[in-house]
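Quick notes on the structure that follows.
Sequential numbering from 1 along the given sequence is applied to the chain's residues.
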Amino acid sequence: MSPSPQLRPPVSGGIKPHDILYVLFKHKWKIVVLSLLGFVGAAALAYRYSLSPSYETEAKLLVRYVVDRNGGDPDAPSTTSGGGASEMDVELETLKSYDVALKAAEEIGPEKVLPAETVKPTAGMAAAYLFDHFSVNAQRGSNVMTLSYRDSDPTRAVEVLTQIIESYFVRHLEIHRSTTAFDQVSAQVDQARSSLRSTEDEINQLKSKSGVLSIEGTNAEFESRRQMVKNSLMAANIALAEQKAKVEAMEKSSSAADSDPARPNQKAVKATPDPDAAEGPQRKAERRETAIALANFKDLEARLDLLRQERNRTLLRRSPSDSMIVSLERQISEVQAKKLDLSAKYPEFVRQGADAGQPGSPVRSLEDEKALLAALVERVEATGREAKDLEKEVEGLSSLSFKLEDLQRRRQMEEDKYRSFQLSLEKARIDETLDPTRIPNIGRMQKPSPPIKSIDGKTMKTIMGLAGSGLMLGLALAFVTEWVVDRRISRAGDIKSRLQLPLMLSIPYVRSKQGIAKLIGSSDPLDPPPVPGSRAILYENGAHLSADTDHFIAPYAAAIHDRVVFNFEINNITHKPKLVALTGLTEGAGTSTISAGLAKAFSEGGNRKVLLVDLNPPRDRAVNENVTESLRRALEVSRSEQFRATPQNLYFASASTRRYQGDTNALAPVGLREILPYLVASDFDYIVFDMPPVDPTSPTMAMAGFMDKVLLVLDADRTTPDNLKWAYSELEKGRADVSCIFNKARSHAPRWVEGAL
């Protein structure tokens, strides 16, 4: 029995370059044949197109820059950009558009584009034909577009390409210059003008109704009036206080004079009738009116002084033409006019003003002072009412200013919109009259060239595709066959590299008629050995036959012999006999030939007795024939006295491992265990077992554990990785020491591709 199997490293995956090369070498004829078929088909197609040639003409356009102008959108300004990548892409797509092809087909005429049609062609059919035979391209980073057109008629090819360029220019203007937007922009201009006029009329009506021409000037005027009224009210209050004090002083003085005894003449004076007292109501009213006029005159003088002071201060900050200065000048003129009117009616006011503070100036009576006091009271009240009325006017002006400012803002927006539409209208008018043949931003670098014979790009792609399809199909078939369909192990190196199983030797495929009889010198190696004790028969059985020393399996059997012996030595297997078993995965794997060669190799080079046991008897044997007796007789012969003396080293035996009908002595695994003591007690040095193939019902899996070494022979034509892994694992479960022999290996590639073994 063998030592326990060692753990193996994990299976390495992945496809390596040598694997690809191996597939190419192995299936080279498939690839070559299919490639030749593809080349033949491509040549036939090229010849077919050479019988009906087509002519190609070429033109070039230079895109200097692109002007984008949208007359229908006033908020989108005109932009000029160079022929960058995005602009070139837009122009390429415009040239390749169906609209350009349809326009060109309509200009040329469908009948002229498609003269060979049996039915009358339509513009759509002609456009589709032009679109299919026209091509345009531009190199990345270049602003030059190359246009080409192909046709069976060389004259028609030039005409069609020229018309395509003209149609492109028209379409370019329609896209970038808004040539159809003139009517739309005109309507927008009229609408904006009408809206602006409506807003201006509303502003004028509001100003005319309110009498306000300028909000800023009116605010300044109101502010000046407010300040003046405030100052007037303050001056009136001061004058009122002074007049009250003056009247009170005069009243006190009059009361003191009446009560003073040192002045007796006062009574006489008092007894004298007062001329003022004798005055009637009319006189009193006149005096009161005069006092009020005098108070107003003084108020006008004070107001005139305040306005002049305010004007002088304002002139330090603003120009004389400023609205506030103008308003102050107007107010000064109004106050001066009122003052002149009072001066003309009451000349004494001017004299009183001139004589004020002069010695000998007239002194008014108490009644005059009281009248003046009453006038000052009325003046204060009137000034207060004026201040309140002014505040109401300011509030009304504030509401008016909000409404007027809103209208002015709306007018400004409508003016801007109107100017924008007006500018767009001018651009649209220019674009409408622009000649498509004289576009300044796109130039013709090359007119349509003289047509030349050539194969169009689609046909060339078809030819190249057909030529390459054979090669690609061959490669695909090779790799699919090798890696998907055909799962057989075709290289011995895969056993070690991919499956990580021990490989002892690889035997190449050899076409030979040399059978086992020529190898071991017996016409029927399955014949049972002679009856024990018959020395002459024993000797003659081994002497009169001559073995073939040049058998093809001999060198490989010798190599297997050396490696098995070395394995026994390093594992310290010294007992006799040593049991070696050979089995396979399929019938015809070469197990019997290798077993015979290995047995012969063991029997040569020394006095070593070797027994070759065939556990695969023919199925056409008689049912009642007990082939297992051959092995038993061989074991009995090995214990006879003349066994060591005879020069014969190689013996044969056979045994049945399957229970045929009526064969109750078949050598099942239990039977092998029973005769195992006889094997150990025999004088054979090596016993080589040729076992049945490994399958789910095979007794080999149970019998392999009794062997010192098990050699699993693999048929290169019928071994798959899954079957090999299953068989190897089953043999390992029986604690067998297993090594693989890859038989019938076919060389499909050089050794440097397949790898040295």
Looking at Asp685 and Lys609, does any basic side-chain N land under 4.0 Å from a carboxylate oxygen?
no

Using every non-hydrogen atom in the two residues, find where Ala42 and Ile463 come nearest and quote the distance to one decimal.
CB-O, 3.4 Å

Can you find a heavy atom in the side chain of Arg491 that is under 4.5 Å from one in the side chain of Lys26?
no

State, yes or no, whether a side-chain contact exists between Val480 and Val485 at a heavy-atom distance under 4.5 Å.
yes

Residue pair Phe689, Thr583: steps toward the side chain to side chain contact (heavy atoms under 4.5 Å, CB included) verdict:
CA-CA 8 Å; Phe689 290 90; Thr583 184; over 6 Å; no

Between Tyr651 (side chain) and Phe684 (backbone), is there a donor-acceptor pair under 3.5 Å?
no

Establish, for the pair Lys744 and Tyr509, whether the NZ or CZ atom is under 6.0 angstrom from the six-membered ring centre and no further than 45 degrees off its axis.
no

Are the side chain of Lys733 and the backbone N or O of Glu730 linked by a donor-acceptor pair below 3.5 Å?
no

Using a 3.5 Å distance criterion without hydrogens, assess whether the side chain of Arg150 forms a donor-acceptor pair with backbone atoms of His133.
no

Counting only N and O atoms by type, is there a donor-acceptor contact under 3.5 Å from the side chain of Ser497 to the main-chain atoms of Gly493?
yes

Is there a side-chain contact between Met707 and Met691 in this structure, where contact means two heavy atoms from C-beta onward sitting under 4.5 Å apart?
yes

Would you please test Val680 and His575 for side chain to side chain contact (heavy atoms under 4.5 Å, CB included) and show each step?
CA-CA 9 Å; Val680 175; His575 62 80; over 6 Å; no

Contact between Thr586 and Thr719 at the side-chain level, heavy atoms closer than 4.5 Å - yes or no?
no

With rounding to the nearest 0.5 Å, note down the distance linking CG in Asp151 to OH in Tyr129.
4.0 Å

Between CG of Asp486 and OG1 of Thr481, what distance do you get to the nearest 0.5 Å?
7.5 Å

Which heavy atom of Pro577 sits nearest a heavy atom of Tyr686, and at what distance?
CB-N, 4.3 Å

Counting C-beta onward and ignoring hydrogens, is there a side-chain heavy-atom pair between Tyr55 and Lys453 closer than 4.5 Å?
yes

Taking every heavy atom of Leu503 against every heavy atom of Ala492, the minimum-distance pair comes out as CD2-O, 3.5 Å

Phe602 side chain near Val564 side chain, heavy-atom distance below 4.5 Å:
yes

Let me see the working for Val565 and Lys578 under side chain to side chain contact (heavy atoms under 4.5 Å, CB included), right down to the final yes or no.
CA-CA 10 Å; Val565 171; Lys578 299 177 180 64; over 6 Å; no

Is the side chain of Asn743 donor-acceptor paired with the backbone N or O of Val713 at a distance under 3.5 Å, no angle test?
no

Pairwise distance CG(Asp708) to CD1(Ile573) - rounded to 0.5 angstrom:
5.0 Å

With sequence neighbours left out, write down each residue that passes ring pair (Phe, Tyr, Trp, His ring centres under 6.0 Å) with Tyr556, or none if nothing qualifies.
none

With the side chain counted from C-beta on, respond yes when Leu499 and Lys725 share a heavy-atom pair under 4.5 Å apart, and no when they do not.
yes

Roughly how far apart are Leu598 CG and Thr591 OG1, rounded to 0.5 Å?
12.0 Å

If you round to the nearest 0.5 Å, how far is CD1 of Ile495 from OG of Ser739?
11.0 Å

Shortest non-hydrogen contact from Ile489 toward Leu724:
CD1-CD2, 3.6 Å

Does any non-hydrogen side-chain atom of Asn649 lie less than 4.5 Å from one of Arg608?
no

Distance from Glu93 atom CD to Met88 atom CE, nearest 0.5 Å?
12.0 Å

Just wondering, more than 12 heavy atoms not from Tyr678 lying within 6.0 Å of its OH?
no

Polar side chain donor-acceptor pair, Asp690 to Ser592, under 3.5 angstrom:
yes

So which heavy atom on Leu611 is nearest to which on Ala653, and how close?
CD1-CB, 3.9 Å

Derivation and outcome, side chain to side chain contact (heavy atoms under 4.5 Å, CB included), residues Ile507 and Ile594
CA-CA 10 Å; Ile507 301 175; Ile594 298 175; 3.8 Å; yes

Return the minimal non-hydrogen interatomic distance between Pro693 and Thr700, and the atom names on each side.
O-OG1, 4.1 Å

